[in-house]
Amino acid sequence: MTNLKFGPLLKRGVEEIVVEQELIKLLESGRRLRLKQGFDPSSPDIHLGHIVGLRKLRQFQELGHKVILVVGDWTARIGDPSGQSATRPMLSPQEVEANAQTYMKQFFKVVDKGKTELRWQSEWYGQFTLDEVIKLTSKFTIAQLLAREDFNKRYSSGNPISLTELLYPLLQSYDSVVVKADVEFGGTDQKFNCLLGRELQQSMGQPSQQVFLVPLLIGTDGSQKMSKSLDNHIGIDEPPQEMYGKVMSIPDHLITDYFELVTDVSDEEIVAFKEQLNTRSVNPMNLKKRLAYEIVTQFHGNQAAVKAERHFTKVFQQGEIPEDIPKYTFTAKHAQDELYEVDIAPTLLQKGLVKSNSELKRLLAQGAIELNGKKLSSNITVAQDGDILRIGKRCFVRIAIK
RNA sequence: GGAGGGGUGCCGGAGUGGUUAAUCGGAGCAGUCUGUAAAACUGCCGCCCGUUGGGCUGCGUAGGUUCGAAUCCUACCCCCUCCA
């Protein structure tokens with residue numbers, strides 16, 4: 001039974017709360033809660049998938065609670081073992097520092113910096129002695145760790161698990177002890193680690209933290225969780241047009257999830273959207289345009305969103321030429337009046353618009369290259385200053401003859 | 001210390017002497033279509049050139065056998081599992 005007062009806070013965009021009643025008690029106590037959120041500065045970019053949790057943090061902050069951001073400069077070295085077992089290269093302290101800065105810049109686009117306490121793991125792990133490592137490891141058993149699904153899978157299917165990976169959940173748990181977390185936030189894939197934190201806190205004489213798990217956002221491919229390594233992500237630092245376009249490319253069935261998890265659009269409206277989609281009384285594209293607009297506005301402001309929308313309509317719906325086109329210089333071979341014979345290959349290669357000569361040939365063969373709207377069949381062509389070259393569906397170049 | 005398994009293109013994963021630039025799936029790209037950069041369908045997907053063709057590089061590394069090797073041999077490097 002959810003307390004009415006905290007209904008939306010504890011319901012929308014929430015997968016699971018352990019233990020919900022305990023959390024409600026904490027909220028009702030009027031105490032300023034310490035909300036722990038950890039991140040590994042191994043890959044610094046925040047995408048929409050992360051936003052789900054960050055928005056929750058923000059909501060808690062608005063009720064006066066405090067976020068403790070734990071920079072996992074030590075766990076980053078191990079790499080979160082969830083998912084693949086690829087061993088990551090060790091990061092240098094400089095890289096970690098740079099990544100952390102990039103991350104935080106993005107983090108504070110959503111979370112209120114003034115109500116956040118920043119902690120680095122190195123504050124405590126920097127001085128950690130073997131003695132303490134032994135004490136920490138003695139609190140856990142192998143069986144306990146093998147209870148974690150991905151460890152279990154890997155173990156029983158004969159795949160390797162390194163000792164350091166096993167250590168990962170322990171470090172994360174101990175963070176909770178150090179920062180005296182009341183609540184730990186994470187995606188559902190963090191459940192095990194967070195629960196372990198509860199046990200460690202208890203065995204070290206602290207009240208157990210509550211665990212607040214948000215759903216994993218499905219990526220633009222429509223099937224797997226959003227993640228940078230799967231390349232199905234929408235980064236919050238991406239330029240407005242890119243962001244808008246990527247949102248438009250999500251499969252239709254994700255539309256309402258996205259509204260629910262990463263926008264402020266009201267529940268009532270979302271219910272209406274669902275109804276409209278079910279009865280096919282709305283073109284999904286229009287809902288997606290609204291979604292894209294909401295999302296771009298959140299990170300780039302209203303103006304940029306309007307502009308991105310216009311760009312989309314113009315270029316992709318009406319097949320017109322966009323407003324801002326980069327100008328590149330092409331070298332002419334022969335000139336006759338205002339017409340020049342030009343080989344477009346060198347410039348395109350040099351600017352990286354085309355990966356290789358072979359690729360250019362392929363694109364030409366596939367009719368993917370247009371000059372002023374006319375398909376080209378050869379990289380040698382006749383052009384004029386100011387002509388527009390289109391490569392594929394997204395890339396436009398204005399020609400400057402030299 | 002012992003026994004065994006394995007390293008293939010962006011990823012996964014076939015292939016155990018020639019017809020293999022390497023089956024297949026995913027990702028990516030392009031085209032068609034469309035109400036969208038959705039879906040669907042088709043094609044492309046190492047590099048280079050004189051492109052219905054030709055050349056080069058390529059299956060952990062280095063050699064070797066052979067007319068011919070990802071496939072066989074030798075050495076080396078790396079990874080994993082099991083027993084102790």
Side-chain angles (χ1 to χ4, degrees), chain A residues 48 81 83-89 151-165 218-235 238-259 273 276-277 279-296 308-322 343 345-346 348-349 352-370 373-380 389-396:
Chain A
L48 285 186
Q84 291 86 6
S85 62
T87 0
R88 300 185 194 196
F151 283 151
N152 200 319
K153 263 196 202 137
R154 282 159 65 187
Y155 187 68
S156 50
S157 63
N159 286 321
I161 302 168
S162 79
L163 220 45
T164 40
E165 285 179 288
I218 302 295
T220 53
D221 62 348
S223 56
Q224 290 180 279
K225 70 165 184 176
M226 186 174 284
S227 114
K228 201 175 175 185
S229 52
L230 292 174
D231 201 29
N232 61 0
H233 71 294
I234 303 176
E238 296 191 49
Q241 276 178 17
E242 195 68 17
M243 193 182 256
Y244 192 96
K246 281 193 179 184
V247 175
M248 290 307 289
S249 80
I250 65 169
D252 294 349
H253 66 88
L254 291 182
I255 295 176
T256 50
D257 281 355
Y258 272 55
F259 270 116
F273 290 165
Q276 289 167 355
L277 285 170
T279 57
R280 297 170 163 277
S281 60
V282 67
N283 179 346
M285 176 196 64
N286 290 324
L287 290 187
K288 249 197 277 190
K289 284 178 89 168
R290 167 78 187 279
L291 177 66
Y293 170 84
E294 293 287 340
I295 290 173
V296 175
E309 181 165 289
R310 206 167 52 225
H311 177 264
F312 180 84
T313 308
K314 215 174 155 180
V315 178
F316 296 106
Q317 289 190 273
Q318 292 158 12
E320 288 175 26
I321 292 159
D343 180 356
L348 295 184
L349 275 170
L353 300 173
V354 152
K355 277 205 288 289
S356 66
N357 253 315
S358 300
E359 189 180 70
L360 177 59
K361 297 268 160 82
R362 260 178 245 135
L363 290 169
L364 285 165
Q366 291 175 133
I369 300 194
E370 291 178 359
K374 281 171 74 182
K375 285 181 185 173
L376 290 186
S377 53
S378 162
N379 53 311
I380 312 280
L389 194 63
R390 178 176 193 171
I391 302 115
K393 43 189 157 188
R394 300 163 60 178
C395 180
F396 293 85

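The basis for the numbers below is simple: all heavy atoms, side chains too, and nothing from hydrogens, waters or symmetry mates. Just so it is clear, the structure is predicted and the values come from calculations on it, not from any experiment.
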What is the distance, rounded to the nearest whole Å, between atom [atom1] of [X] and atom [atom2] of [N]?
| X | N | atom1 | atom2 | answer |
| --- | --- | --- | --- | --- |
| Asn357(A) | C49(B) | CG | C1' | 9 Å |
| Arg280(A) | A38(B) | CZ | C1' | 13 Å |
| Glu320(A) | U36(B) | CD | P | 13 Å |
| Leu291(A) | A38(B) | CG | P | 15 Å |
| Leu277(A) | U36(B) | CG | P | 16 Å |
| Leu364(A) | A30(B) | CG | C1' | 12 Å |
| Asp343(A) | C49(B) | CG | P | 10 Å |
| Arg390(A) | C29(B) | CZ | P | 14 Å |

| field | Residue met sooner reading RNA chain B from 5', once Gly367(A) and His311(A) are mapped to nucleotides | value |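 Upstream on the strand: Gly367(A).
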| field | 5' precedence on RNA chain B between Asn286(A) and Lys393(A) (nearest-nucleotide basis) | value |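 It is Lys393(A) whose nearest nucleotide is closer to the 5' end.
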Phosphate-side-chain proximity, [X] and [N], N/O vs OP1/OP2 below 4.0 Å:
| X | N | value |
| --- | --- | --- |
| Arg362(A) | G28(B) | no |
| Asn232(A) | A27(B) | no |
| Lys375(A) | U32(B) | yes |

| ring-ring contact (aromatic ring centres under 6.0 Å, His included) against Phe259(A), all qualifying residues, sequence neighbours excluded |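 Counting only residues at least two positions away or on another chain, Phe259(A) forms a ring-ring contact (aromatic ring centres under 6.0 Å, His included) with Phe273(A).
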| Results of ring-ring contact (aromatic ring centres under 6.0 Å, His included) for Phe396(A) - residues two or more places apart only |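 Counting only residues at least two positions away or on another chain, Phe396(A) forms no ring-ring contact (aromatic ring centres under 6.0 Å, His included).
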For [X], side-chain hydrogen bond (donor to acceptor under 3.5 Å, both in side chains) partners two or more places apart:
| X | value |
| --- | --- |
| Ser356(A) | none |
| Gln276(A) | none |
| Thr279(A) | Ser281(A) |

Using modelled atom types and a 3.5 Å cut-off, is there a donor and acceptor pairing between side-chain atoms of [X] and backbone atoms of [Y]?
| X | Y | value |
| --- | --- | --- |
| Arg390(A) | Gly392(A) | yes |
| Tyr258(A) | Lys288(A) | no |
| Lys289(A) | Glu309(A) | no |
| Lys314(A) | Glu320(A) | no |

| Inter-residue atom distance Ile255(A).CD1 - Asp257(A).CG, 0.5 Å rounding |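 Output value for this atom pair is 10.0 Å.
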Indicate, with a heavy-atom threshold strictly under 4.0 Å, whether [X] touches base, sugar-phosphate, or nothing.
| X | answer |
| --- | --- |
| Glu359(A) | nothing |
| Lys355(A) | nothing |
| Ser356(A) | sugar-phosphate |

| query | So which of residues 241-255 of chain A are in contact with RNA chain B, with a heavy-atom cut-off of under 4.0 Å? | reply |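 Listed by number, they are Gln241(A), Gly245(A), Met248(A), Ser249(A), Ile250(A), Pro251(A), Asp252(A).
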| Closest contact, heavy atoms only, Gly219(A) versus Leu254(A) |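 Where Gly219(A) meets Leu254(A) most closely, the heavy atoms are O-CD1, 3.5 Å.
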| task | Please list every stem that involves RNA chain B, where a stem is a run of 3 or more consecutive Watson-Crick or G-U wobble pairs with both pairing distances under 3.5 Å. | result |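 Correct response: B:1-7 with B:77-83, B:10-12 with B:24-26, B:28-32 with B:40-44, B:46-49 with B:53-56, B:60-64 with B:72-76.
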Atom [atom1], compared across [N] and [M]: separation rounded to whole Å:
| N | M | atom1 | result |
| --- | --- | --- | --- |
| C72(B) | G17(B) | P | 8 Å |
| C11(B) | C59(B) | C1' | 16 Å |
| C67(B) | A3(B) | P | 36 Å |
| C80(B) | G31(B) | P | 45 Å |
| C79(B) | A70(B) | P | 26 Å |
| G4(B) | U8(B) | P | 23 Å |
| G46(B) | C41(B) | P | 23 Å |
| G9(B) | U23(B) | C1' | 13 Å |

| remark: Each nucleotide of nucleotides 51-57 of chain B classed B (base within 4.0 Å of a protein heavy atom), S (only sugar-phosphate) or -, in 5' to 3' order, makes B------
| Would you say Leu376(A) and Leu389(A) make side-chain contact, with heavy atoms under 4.5 Å? |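 Yes, close enough: below the 4.5 Å cut-off.
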| Minimum side-chain heavy-atom gap His233(A)-Thr220(A) below 4.5 Å |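 No. Closest side-chain heavy atoms not under 4.5 Å.
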Dump every N/O contact between nucleotides 40-43 of chain B and the protein below 3.5 Å, one line per pair.
unit_1, atom_1, unit_2, atom_2, d
G43(B), N2, Gln366(A), OE1, 2.9

Show me the side-chain donor-acceptor pairs of residues 360-369 of chain A shorter than 3.5 Å, one per line, residues at least two apart or across chains.
none

| field | Closest to side chain of Phe312(A), choosing from U36(B), C48(B), A30(B) | value |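 That would be U36(B).
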| What pairs meet the salt bridge (charged side-chain N to carboxylate O under 4.0 Å, His left out) rule with one or both residues in residues 241-250 of chain A, with sequence neighbours excluded? |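 Sorted result for residues 241-250 of chain A: Glu238(A)-Lys246(A), Glu242(A)-Arg394(A).
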| field | Set of residues satisfying salt bridge (charged side-chain N to carboxylate O under 4.0 Å, His left out) with respect to Lys374(A), sequence neighbours excluded | value |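 Not a single residue meets the salt bridge (charged side-chain N to carboxylate O under 4.0 Å, His left out) criterion with Lys374(A).
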